[in-house]
Every structure is written in C-alpha cells, then in structure tokens.
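Here's the structure, in structure tokens; my notes come after.
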There are 2 protein chains.
Amino acid sequence: MTMVSVDKGGSRSDRTKAAILTAARARFAAHGYERTTIRGVAEDARIDPSMVMRYYGNKAQLFDAALAIDLRMPDLSNVSADDLPRTLVRHFLTRWEGDPADDALLVLTRSAVTNEHAAARMHDVFATQVAPALAAAVGPEVAARSAGLVSAQLLGLALTRYLLRLPAVTALTPDQIERSLAPAIAATLKPT
Amino acid sequence: MTMVSVDKGGSRSDRTKAAILTAARARFAAHGYERTTIRGVAEDARIDPSMVMRYYGNKAQLFDAALAIDLRMPDLSNVSADDLPRTLVRHFLTRWEGDPADDALLVLTRSAVTNEHAAARMHDVFATQVAPALAAAVGPEVAARSAGLVSAQLLGLALTRYLLRLPAVTALTPDQIERSLAPAIAATLKPT
DNA sequence: GTGAGATGTCAACAAGTGATGGCCTACACT
DNA sequence: AGTGTAGGCCATCACTTGTTGACATCTCAC
C-alpha cells in the first residue's frame, strides 16, 4: 500500500479527487445537474474526463458527493424568543453571502427544484438540521407547527435573492432584510 | 386561403398547435427545460416530432410559448390594509391549487431556477403583475420597500409546497397556511 | 535500477438529442 | 371528380453526452 505523501491534503489522488469535486460543485451550482457535463468538470479540474469516472463512478455519484452540505446551524437553545428570528435571518444571510467560493448551498437549492434525488436530500437537511435546531429553541410543539413555514420564508429569500436574483430583493441590504423578515418569522412562530 | 372550420377552437392546425403546447407545458412543468425532449412532447401530443418544429420553430421558442403566464392578480386597490395579507395568501393558494391541469405556474417557477431566460420572464412577471398590484394596495413607497420580500415569502411557500414538497409544508392545510403566513406578510408590510 | 501499483491519457462506443428536408395524404374548393 | 395546398410522417444528419477499456507514464519500496 502506498503511504503518506508530504503535500498538503493527502495523497495525489486525494488532491485531484478534491479538485474534481470543487469543479463539479461550481458547475452544478451555476448550471444545475443536466447542463453540467463530465467533460466540463474535467476541463476545470485540468484532468481527463475518465478520471472523473474513476474517482466517482458516474455522474450521479459525483452529484451525490457535491450535495453534501452542512448548514452549520448554531445552537439556538439559549437564544431568547425575541432574538430567535433575527438570529435565524442573520445566520442564513451570512451563510449564503459569507464565503462566495462555497457553492454547496447553491448546488443543493438549485438542483432540488428539478431533481428528485436532490429534493430528497433537501428533505433530509430539513429534518436533520433545521427542524431539530428550531425545536431546541421553541420546543417540539411550536416547531412541528411552524418549522415548515419558517423554512419556506428563509428559502423564499434564498430563491429570490440568490437564484432568481429578483432586483427588488437583491437591492436590499442585509440589514434591511433582517429588519423586514425577522418580524415576519416572529409572526409565524407566534401561536395563532 | 382556407377558411373557417366548424370544429371548436379553430382550424385543425390550431388544435394540434394547442395540443403541442399543452403537452409541452406538462413536460416542462414535470421535468424542467433540459430533460424535456421534443420527442416526448410529440408523443404526448400524438404527432410527429417534426410538427413541433414546424409550429414552434425550435425548442427554445416552444419553451417561450409555454412560459406565458397570467397570475390573475385581483384588484387590490379597495382591499383594506388588514385584509390584504390574507387576500394575497388565499389568492396564491387557490391559484396554485385551483386547477391542477394548469401547469403554467409550475413551468415558470421550476425552470426559472436553472434557466436564465425563464428567470428573466419571472422578473417580468414580478414587475408587471405583482409589483403594480401591490402598489395599488399599499402605495408606491411601501410597495417599493416590501414587494420583494412579500414575493419572497409567497414564492417560498410555492417552492417548499409545490416544488420541493417538504412534508412539513405539504402537511399543512390551506387554512393553517393562511393563518400563519398572513400575519408574517403583514409584518413585512408594516413600516420598520 | 526495477517492477508493481497508482495515476493519468487517448480513442472510441452507443445512445439520445435537436433539427432538416423530402415525401405522402387528406381535405376544401371549384 | 380533379387538384392545389395545408397538415402530417419518415428517414436521416450532425452533434453531444456518459461511459468504457486499452494503453502510457509516473512514483516509490525494495
């Protein structure tokens, strides 16, 4: 078995494997699943298309690898009810705008709309990351009732601002969004 | 020149042209632009693929025809500020769930996420249908400030309920949604 | 150095796509 | 009944796609 290479990030294969994944994420994020081609990814990663197959088996598995995502939800259990909406909005804004090179969110959201498999992953992200974080803050009953629509509001923001880029939404500053959307989310969380 | 045919809906060519468009809408709505094939549309419309080209020129123009949409926004100028959010939410829910055979909304929303041209049409729909209707109700200043985020919330609902089909959102009844989302929209409309 | 396994290149395949143009057919009008 | 034309079909092209397998090259332990 071949052992340790000195370069950062592990063996040579690990590096090209990562290069492929990065290129794939960028393309999937920009063009979605169908319009992303293995050849295009390979070109960006400066390797032969067949290497993509060697390391990821096929396009679907490459896509699968690109879908891995962590929302990095903060611990909301100690956030007061008053602060919760603002905290949520701010977290999502920084998560989306923080690191422009991080295409993972874009990949998942964009492809979930047209790809069943990606949609299933989205369900999973909701169930394992969003819902629990919310339940920790407002309790299971309120969360069960409102988590869906809270997510709808946050995803609506992502949709209009980062995918559709509606001018009426991209024109707003993060602060304006926070001031307008936090009360809205607060309203959904309130018992009817 | 051939004249009037007795059949409903005009000449024979008009009928097949309409059949093609209907089939195309259904496929674009279900699978998006890329995964919709001329051959598939033709099969659904029970005609030869070349007929699609004859009547619509090419796939892009067919898509363009399928994107035509009318939100049927009601006149909101006489709706009280208190009733506005509820009216909006209810209108969108019935618009989306009223006629299941009407795929137009689904086509536009689904494809706008991965297709630049469809996104441009979405911008147009917003600018010519949503924004004016809102401006008539709350005045131009408030509309300019909040129309974007109001749309974000309504599109977020559409996204999670009809495209992603998040269980946490599909489980809700229209009434529940109205009760939870209307106050939220009211909050975004309120001056900060 | 040398051989073996890892890494990478090359050419090609089969399938499916949008698109084209020639040909057939049925209908409306005389 | 004859005929021109709109409506429809077939065969086919050129191209792109994912995927494959044979071959070259590089790296490193021995």
Side-chain angles (χ1 to χ4, degrees), chain A residues 1-24 27-28 30-67 111 114-118, chain B residues 1-24 27-28 30-67 111 114-118:
Chain A
M1 216 177 270
T2 345
M3 273 301 120
V4 241
S5 142
V6 244
D7 264 314
K8 65 172 179 187
S11 68
R12 181 145 70 117
S13 68
D14 284 345
R15 266 180 292 136
T16 63
K17 200 171 170 180
I20 292 172
L21 189 58
T22 302
R27 293 227 163 207
F28 282 135
H31 308 118
Y33 182 78
E34 331 287 341
R35 296 177 48 192
T36 294
T37 71
I38 302 270
R39 284 171 171 83
V41 169
E43 189 176 350
D44 286 2
R46 300 172 182 264
I47 42 94
D48 190 87
S50 66
M51 297 305 288
V52 178
M53 313 303 294
R54 180 193 291 267
Y55 286 123
Y56 290 94
N58 55 34
K59 188 181 177 180
Q61 285 175 270
L62 172 63
F63 184 57
D64 220 55
L67 284 181
S111 25
T114 46
N115 186 289
E116 285 296 328
H117 192 239
Chain B
M1 212 175 273
T2 346
M3 273 299 117
V4 243
S5 147
V6 243
D7 264 315
K8 66 171 179 188
S11 67
R12 182 144 69 117
S13 68
D14 284 345
R15 266 179 292 135
T16 61
K17 201 171 169 179
I20 292 172
L21 190 57
T22 303
R27 293 228 163 206
F28 281 136
H31 307 118
Y33 181 79
E34 331 287 341
R35 294 178 48 191
T36 294
T37 70
I38 304 269
R39 284 171 170 84
V41 170
E43 190 176 350
D44 286 1
R46 298 171 183 265
I47 43 94
D48 190 86
S50 66
M51 298 305 290
V52 178
M53 313 302 294
R54 181 195 289 263
Y55 285 123
Y56 290 94
N58 55 36
K59 186 181 177 180
Q61 284 176 267
L62 173 64
F63 184 56
D64 220 53
L67 283 182
S111 27
T114 44
N115 186 290
E116 284 296 326
H117 191 238

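Below, chains carry the letters A, B, ... as their sequence lines are ordered, and counting in each starts from 1. Computed from a predicted structure; not experimentally measured.
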Between C/dC27 atom C1' and B/D14 atom CG, what is the distance in whole Å? 16 Å
Would you check if the side chain of B/T114 reaches a backbone N or O of A/G32 as a donor-acceptor pair within less than 3.5 Å? no
Closest non-hydrogen atom pair, A/D44 against A/A23: CB-CB, 3.6 Å
Check the distance between D/dG21's P and A/D48's CG and give it to me in whole angstrom. 15 Å
Using modelled atom types and a 3.5 Å cut-off, is there a donor and acceptor pairing between side-chain atoms of B/K59 and backbone atoms of B/Y33? yes
Between A/Y33 (OH) and D/dT17 (P), how many Å, whole number? 13 Å
Hey, is the main chain of B/A19 close enough, under 3.5 Å, to the side chain of B/T16 for a donor-acceptor pair? no
What is the distance from CG of B/L62 to C1' of C/dT17, rounded to the nearest Å? 15 Å
Could you tell me how far apart A/F63 (CZ) and D/dT19 (P) are, to the nearest whole angstrom? 14 Å
Whole-Å gap separating P (D/dA6) and CZ (B/R15): 17 Å
Can you tell me the distance, in whole Å, between the CD1 atom of B/I38 and the C1' atom of D/dC15? 16 Å
Taking atom C1' of D/dT16 as reference, at what distance in whole Å does atom NE2 of A/H31 sit? 16 Å
Does B/R39 get its side chain close enough to the base of C/dG16, under 3.5 Å, for a donor-acceptor pair? no
Residues from residues 50-59 of chain B lying under 4.0 Å of DNA chain C - heavy atoms: B/S50, B/M53, B/N58, B/K59
Value for OH (A/Y55) from CD1 (A/I47), rounded to nearest 0.5 Å, stands at 9.0 Å
Return yes if some donor-acceptor pair links the side-chain N/O of B/Y56 with the main-chain N/O of B/K17 below 3.5 Å, else return no. yes
